[in-house]
Amino acid sequence: MNKIIEQIISRLFSVEQSVQLTRPDAQFGDYATNVALQLAKPLGKNPREVAEQIAEELRQTGEFSEVTIAGPGFINLRVAARSLLVNLHEQWSATYGENTDGAGKTAVVEYPSPNMAKPYSVGHLRPGNQGWAAKRLMEATGWKVITDNHLGDYGAPFGIWVVGFLKFSSEAALEKDGVYELGRVYIETKRALKDEKEQGGSDLADQVQDWLIRLEGGDEEAQAYSKRFNEISLAHIHGVMKRLKIDTQYELGEAFFAPKGKEAVRKLLTSGVATQNDDGSIIVPLDEYGFDVPLLVQKSNGAALYATTDLATILYREENWHPDRVIYVVAAEQQFYFSQLFAMAKKLGVQTELIHMWFGLIDQLNEDGTREKMSSRKGVVLMEELLDTAEAKAREIVAGRDVSDDDIKKIALGAIKFSDFAADRRTNILFDWESIFALTGFSGPYIQYAAVRVNKIIADNILETIDTIGYDYEAEKQIIAKLLEYPNVVRLAARDLEPHKVSNYLYELARELNRYYETTRVSDAESIEKAARLELLGKVSQVFTHGLSLLGIEVPTQM
RNA sequence: GCACCCGUAGCUCAGUGGAUUAGAGCACUGGUCUUCGGAACCAGGUGUCGCAAGUUCGAAUCUUGCCGGGUGUACCA
């Protein structure tokens with residue numbers, strides 16, 4: 001439709017103007033455009049006059065049942081439902097909604113990158129969800145996507161583990177509680193280190209360093225500990241990711257890149273990007289990028305830092321995967337760090353587009369009603385606990401119905417994941433058990449339920465292949481119009497890496513469908529209507545499944 | 001101090017590249033209802049869109065300044 005208007009404008013005024021159609025309040029029309037207002041100034045004409053001219057041409061086309069002008073020069077359009085359907089049919093395919101914006105390009109998406117020292121907690125929920133959505137959105141827009149779990153498996157945590165294990169734990173406790181014992185030991189040891197530092201001591205800290213040096217030196221005992229603890233932690237991470245139904249192709253952690261850090265630093269020095277201080281530390285000044293502090297890439301004792309392994313990672317990916325862009329799905333706290341890292345990469349001549357797809361914090365409600373960032377100090381909710389609770393809740397809801405275990409898990413995940421996509425990812429999320437398991441209103445299960453209903457109706461009725469040419473589709477108009485919006489929703493969500501646009505859209509589609517059910521029957525309709533309606537519901541079902549899959553949510557068979 | 005983010009209904013949040021009368025969910029009240037699956041639908045209402053200026057035919061949206069909150073700010077990751 002916008003093409004038609006663009007052609008008219010080109011013919012009337014000899015200018016190329018892209019036209020955006022919006023969906024105004026139903027009383028004004030089905031579609032609206034403000035293009036006349038945009039054109040008025042450059043053309044030096046009265047906007048209403050411009051609108052009149054365009055409107056007259058639009059009436060001539062016969063495509064619209066009504067063309068009116070409102071206010072200062074808005075053009076409101078009404079279209080017959082049947083023409084909308086024809087429009088939908090022309091665009092329809094098995095991959096409706098997808099596009100080829102990113103064809104021929106490669107993206108690396110990095111998630112969920114948990115720290116291995118502690119058990120998977122709700123703190124890791126967002127990078128997994130948002131990262132998965134980023135991957136799916138990129139794929140849906142034609143990109144080749146490489147996913148990589150950048151595990152936090154290097155550095156001080158290992159030393160803390162060993163020291164803590166020897167001091168605060170036992171074989172029996174580790175045997176019994178596995179990663180949870182490791183997490184407990186890690187937190188307790190961190191606290192002990194803090195206390196020691198406050199008292200001016202360094203005994204424990206020295207031991208931690210000692211173990212790290214032994215590990216790097218290839219010491220057998222240190223390696224045995226490392227291997228054992230890592231195996232326990234990794235098995236746990238894989239287990240939780242499997243329950244969350246997310247995975248990555250690669251799992252190249254910090255430990256993999258750490259040895260490559262030295263070479264990266266050498267490259268920084270030889271290219272003149274970095275400078276060495278008298279104490280041996282190496283920094284990259286970033287004044288020209290607006291930073292008042294430089295980025296430290298090597299400690300005075302020669303050890304590597306986060307920035308070092310991250311730079312090595314960038315170089316490795318460039319060399320091996322040749323990505324056009326790399327998306328880091330990491331929390332908002334690290335915005336400053338990533339802006340420094342990206343500046344350093346740019347200074348070194350890295351061409352890859354580096355994007356920090358950051359997301360807001362997870363807050364908890366204090367007893368006095370104020371919000372505060374969730375922290376392990378105050379007690380985090382563990383991911384397995386969250387999943388167990390969600391599944392128990394879902395099981396309770398479907399009690400008495402014949403719903404499989406698999407479907408119960410899909411419902412639980414649908415609720416949890418959707419709550420992460422309810423708001424813009426940058427918004428801080430308030431974690432509370434009530435809203436994360438919401439089953440009504442703006443929630444994952446509401447949409448899943450709508451999808452299940454549609455599928456049931458499709459399954460229970462036979463679609464006859466009869467000509468529906470005589471059907472006007474007026475009852476289905478809102479649904480058809482909503483379906484027509486989908487490709488643009490996907491395009492915008494992928495462009496801005498904003499999966500919540502998809503969740504908002506799916507909710508609107510589900511609501512449209514529920515309204516439709518209230519007034520329109522399918523199974524006992526006349527055969528021509530029934531065929532037309534079933535065929536359309538099939539399209540709705542496809543969009544539900546597709547859209548939810550972009551969010552990592554599945555449609556249950558029963559619920 | 002500086003940098004980034006945020007401030008929209010009682011609460012949680014949408015609001016595309018400015019656009020006709022600012023929207024959802026939750027909560028509250030009433031209604032629909034022998035459900036093609038009611039996890040539904042309909043109705044009811046409250047907003048100085050933090051404050052103030054500016055740009056514009058038009059600002060929740062753009063610009064600037066203030067106020068309030070959050071996060072970060074080289075030898076942690």
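The analysis underlying the following values was restricted to heavy atoms, covering all of them including side chains, and did not include hydrogens, waters or symmetry mates. Chain letters run A, B, ... following the sequence lines, proteins first and then strands; every chain starts at 1. Bear in mind the structure is a predicted one, so any value in this text is a computation, not a measurement.
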Heavy-atom protein contacts under 4.0 Å, nucleotides 68-77 of chain B, coded B base, S sugar-phosphate only, - none: --SSSSBBSB

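- Side-chain contact check for Tyr446(A) and Asn514(A): at least one donor-acceptor pair (N or O, by modelled atom type) lies under 3.5 Å.
- Put simply, the side chain of Val452(A) reaches to within 4.5 Å of the side chain of Pro556(A), judged on heavy atoms.
- No hydrogens or angles were tested; on distance alone, nothing pairs the side chain of Asn514(A) with the base of rA40(B) as donor and acceptor under 3.5 Å.
- Contact check, Arg515(A) against rC42(B): a side-chain N or O comes under 4.0 Å of OP1 or OP2.
- A salt bridge (Lys or Arg N to Asp or Glu O under 4.0 Å) with Lys482(A) holds for exactly one of Glu508(A), Glu476(A), Glu512(A); it is Glu508(A).
- Nearest-nucleotide assignment on RNA chain B puts the 5′-proximal partner with Thr22(A), out of Asn76(A) and Thr22(A).
- Stacking annotation: Tyr517(A) is not stacked on the base of rC36(B) (requires ring centroids less than 5.5 angstrom apart and an interplanar angle below 30 degrees).
- A donor-acceptor distance shorter than 3.5 angstrom exists from the side chain of Asp407(A) to the backbone of Thr557(A), with no hydrogens or angles considered.
- Distance, Asp25(A) CG to rA24(B) P: 10 Å, rounded to whole Å.
- Rounded to a whole Å, the CZ atom of Phe421(A) is 24 Å from the P atom of rA24(B).
- Contact between the side-chain N/O atoms of Thr427(A) and the OP1/OP2 oxygens of rG7(B) is not found at any separation under 4.0 Å.
- At a threshold of 4.5 Å between non-hydrogen side-chain atoms, the residues Asn230(A) and Phe158(A) do not count as touching.
- Regarding contacts with the backbone of rC26(B), a side-chain N or O of Thr440(A) is found under 4.0 angstrom from either OP1 or OP2.
- Contact annotation: the side chain of Gln130(A) never approaches that of Tyr111(A) to less than 4.5 Å [non-hydrogen atoms, C-beta and beyond].
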Intermediate values then yes/no, ring pair (Phe, Tyr, Trp, His ring centres under 6.0 Å), Phe256(A) and Tyr154(A): CA-CA 9 Å; Phe256(A) 175 81; Tyr154(A) 180 78; over 10 Å; no

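- Going from the P atom of rC66(B) to that of rU12(B) covers 28 Å, rounded to whole Å.
- Using a 4.0 Å heavy-atom cutoff across all strands shown, Arg401(A) reaches at least one base atom of the nucleic acid.
- Across all strands shown, Leu492(A) has no heavy atoms under 4.0 Å from either base or sugar-phosphate atoms.
- Nucleic acid contact class of Ala32(A) (heavy atoms, under 4.0 Å, all strands): base.
- Distance noted for atom P between rC6(B) and rU21(B): 28 Å (whole Å).
- Look at rA43(B): its Watson-Crick or wobble partner, with both distances under 3.5 angstrom, is rU29(B).
- Checked for salt-bridge contact, Glu554(A) and Lys417(A) miss the test: no charged N lies under 4.0 Å from a carboxylate O.
- Ala70(A) comes within 4.0 angstrom of a nucleotide base, judged by non-hydrogen atoms across all strands.
- The distance between atom CG of Asp287(A) and atom P of rA3(B), rounded to the nearest whole Å, is 15 Å.
- Residue Tyr449(A) is classed as a base contact, given a heavy-atom separation below 4.0 Å to a base.
- The phosphate of rC36(B) has OP1 or OP2 within less than 4.0 Å of a side-chain N or O from Arg521(A).
- Remark: rU63(B) base-pairs with rA53(B). Criterion, Watson-Crick or G-U wobble with two distances under 3.5 Å.
- Taking atom P on both nucleotides, rA43(B) is separated from rU55(B) by 42 Å, rounded to a whole Å.
- Residue Thr520(A) is classed as a base contact, given a heavy-atom separation below 4.0 Å to a base.
- Taking atom NE2 on His500(A) and atom C1' on rA24(B), their separation rounds to 13 Å, with Å as the unit.
- Nearest to the side-chain atoms of Pro72(A) among the listed nucleotides rA19(B), rG25(B), rA39(B) stands rA19(B).
- Gln558(A) comes within 4.0 angstrom of a base, heavy atoms only.
- Note on Val284(A): nothing from the nucleic acid sits closer than 4.0 angstrom, heavy atoms only.
- Using a 4.0 Å heavy-atom distance criterion, Val489(A) is classed as making no nucleic acid contact.
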His356(A) vs Tyr337(A), ring pair (Phe, Tyr, Trp, His ring centres under 6.0 Å): CA-CA, chis, key distance, verdict: CA-CA 10 Å; His356(A) 180 201; Tyr337(A) 166 71; 8.9 Å; no

